[in-house]
Colleague: 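Take this structure first; my questions come after.
Computed from a prediction, not measured in an experiment: that's the story for all the values here. Note on naming: letters A, B, ... go to the chains in the order of the sequence lines (proteins, then strands), and numbering restarts at 1 for each one.
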There are 2 protein chains.
Amino acid sequence: MAAPRNPRPCSIADALALVGEKYSLLVLREVCLGNGRFDQLVRNTGAPRDVLATRLRRLVDAGVLAKHPYSERPQRFEYRPTQAGLELEPVLMTLMAWGDRHLREDRDRPMVIEHACGHAVVPVVTCSACGGQVRHEDLTAHPQAPGWTVTGPTTA
Amino acid sequence: MAAPRNPRPCSIADALALVGEKYSLLVLREVCLGNGRFDQLVRNTGAPRDVLATRLRRLVDAGVLAKHPYSERPQRFEYRPTQAGLELEPVLMTLMAWGDRHLREDRDRPMVIEHACGHAVVPVVTCSACGGQVRHEDLTAHPQAPGWTVTGPTTA
DNA sequence: CGCAGTGAGTTGGAAAATCAAACTGAGTCG
DNA sequence: CGACTCAGTTTGATTTTCCAACTCACTGCG
């Protein structure tokens, strides 16, 4: 009885519950750029210090970031991405490309990422099975949990 | 004057400012799945109704979603992704794959997306120039704005 | 007609998160 | 010693979120 809130079970939701809080992905961006110190993170993300401390704790606990000491004696740490953290970087790249494309008319992209091949990265999401692009019209969703359809739950 | 907070200028930040608020990407997920009606969105995302209304307004204003009437007289609408919205779907797919990989040990993925090629989508982010995978170790960042380095601003 | 029901929100107030600035504490530098 | 750095923590004030209840337009049903 009483279904308080049971939204669709989904790894997108799970992922966002972890890294979707305000500033978390900006922290990851900075950490991937090599700016892993607390005060750098404050400056570069704009996060309030207390919020940042909270986010960092969560991300470390979840295994997305790890703390690395860069100085004993005046004990100092630096945050770095774990393997899991690094694997989120393609998500950031794709999001950046989307922002560049849709949130800026002109060519004033504030940051360009260069790929090992020598070109500016323009990420394309592809299907690992066929190599083709992952586009909406080529996708069909198959919810595995009972009761969760894609055309509308209809509940009954 | 007084520089209150000027974080790094970046399209990731801009994109997140728009679609990074709680529930926004879940709304987009549902809308891409074809569940674009208000009450469906409430049920499937778990968002409070007032928050959902606020998010929908923003996403429509920003051109990520559009309102489509599916009934005159008892005026009823449905939200659908615009082209810009659809182009965010690959981001969702990549995020879902990350969640499947890192937030679940077993193979109980709650939703499987099938690609036109017949296989379950396992998205890979590639460089459009060379076709190679976009991985951290192959990337070099080039901030375009002055004062924003990748090894630490140093401010001075 | 009268009245329960649906869809798409809006309203009101309590609870939680965010924000800014000041503070702490270990330790170094001059 | 006194000033400074870094990595946070504390303290209140401000904003958001959350939830339940309510509205409004309209559609059946009997």
Side-chain angles (χ1 to χ4, degrees), chain A residues 1-7 13 16-18 20-27 30-31 35-61 65-80 151-156, chain B residues 2-7 13 16-18 20-27 30-31 34-61 65-80 151-156:
Chain A
M1 74 289 281
R5 73 229 80 266
N6 27 354
L16 287 173
L18 176 56
E21 292 174 298
K22 201 170 176 187
Y23 303 115
S24 293
L25 286 176
L26 295 183
V27 167
E30 288 303 316
V31 160
N35 304 324
R37 303 187 184 180
F38 194 86
D39 279 21
Q40 291 178 329
L41 292 171
V42 168
R43 278 191 289 279
N44 296 2
T45 66
R49 307 176 80 80
D50 58 337
V51 174
L52 180 61
T54 307
R55 296 291 182 273
L56 288 170
R57 255 189 300 272
R58 270 218 71 203
L59 293 173
V60 169
D61 288 355
L65 302 183
K67 241 171 153 167
H68 289 259
Y70 66 89
S71 147
E72 294 297 331
R73 304 303 9 279
Q75 262 219 347
R76 294 290 147 77
F77 304 101
E78 178 183 20
Y79 293 89
R80 296 204 200 142
T151 36
T154 319
T155 311
Chain B
R5 67 231 75 270
N6 25 355
L16 287 173
L18 176 56
E21 293 175 299
K22 200 170 174 187
Y23 302 116
S24 293
L25 286 176
L26 295 183
V27 167
E30 287 303 317
V31 161
N35 302 325
R37 304 190 183 177
F38 194 86
D39 280 21
Q40 291 177 327
L41 292 171
V42 168
R43 280 191 288 276
N44 296 3
T45 65
R49 308 176 78 81
D50 58 339
V51 173
L52 180 61
T54 306
R55 297 292 181 271
L56 288 171
R57 254 189 300 271
R58 272 220 67 204
L59 294 172
V60 169
D61 288 356
L65 302 183
K67 241 171 153 166
H68 289 259
Y70 65 89
S71 146
E72 294 296 329
R73 303 302 13 280
Q75 263 220 347
R76 295 291 145 77
F77 305 100
E78 178 183 17
Y79 292 89
R80 296 203 200 145
T151 36
T154 319
T155 310

Colleague: Report the distance from atom OH of Y70(B) to atom C1' of dT27(D), rounded to the nearest whole Å.
Modeller: 13 Å
Colleague: Provide, to the nearest angstrom, the distance between the CG atom belonging to L41(B) and the P atom belonging to dG7(C).
Modeller: 13 Å
Colleague: Take V31(B) and L59(B) through the test side chain to side chain contact (heavy atoms under 4.5 Å, CB included) and record every step on the way to the result.
Modeller: CA-CA 12 Å; V31(B) 161; L59(B) 294 172; over 6 Å; no
Colleague: Nearest-Å distance, CD (Q75(B)) to C1' (dG7(C))?
Modeller: 12 Å
Colleague: Under 3.5 Å, is there any donor-acceptor pair linking the side chain of R73(B) to the base of dC26(D)?
Modeller: no
Colleague: What is the distance, rounded to the nearest whole Å, between atom CZ of R43(B) and atom P of dG9(C)?
Modeller: 14 Å
Colleague: Could you give me the CA-CA distance, side-chain angles and deciding distance for E30(B) and T45(B), then say whether side chain to side chain contact (heavy atoms under 4.5 Å, CB included) is met?
Modeller: CA-CA 8 Å; E30(B) 287 303 317; T45(B) 65; 3.9 Å; yes
Colleague: Output all residues satisfying salt bridge (charged side-chain N to carboxylate O under 4.0 Å, His left out) with D39(A), sequence neighbours left out; order by chain, then residue number.
Modeller: R49(A)
Colleague: Rounding to a whole Å, what distance do you find between R76(B):CZ and dC24(D):C1'?
Modeller: 10 Å
Colleague: Round to the nearest Å and state the distance from Q40(A) atom CD to dA7(D) atom P.
Modeller: 8 Å
Colleague: Side-chain contact, heavy-atom cut-off 4.5 Å: Y23(A) with L41(A)?
Modeller: no
Colleague: Which parts of nucleotides 8-19 of chain D does protein reach within less than 4.0 Å, heavy atoms only, written one letter per nucleotide 5' to 3' as B for base, S for sugar-phosphate only and - for none?
Modeller: BBB------SBB
Colleague: Let me confirm one number: the NE2-CZ distance from H68(A) to F77(A), rounded to the nearest 0.5 Å.
Modeller: 11.5 Å
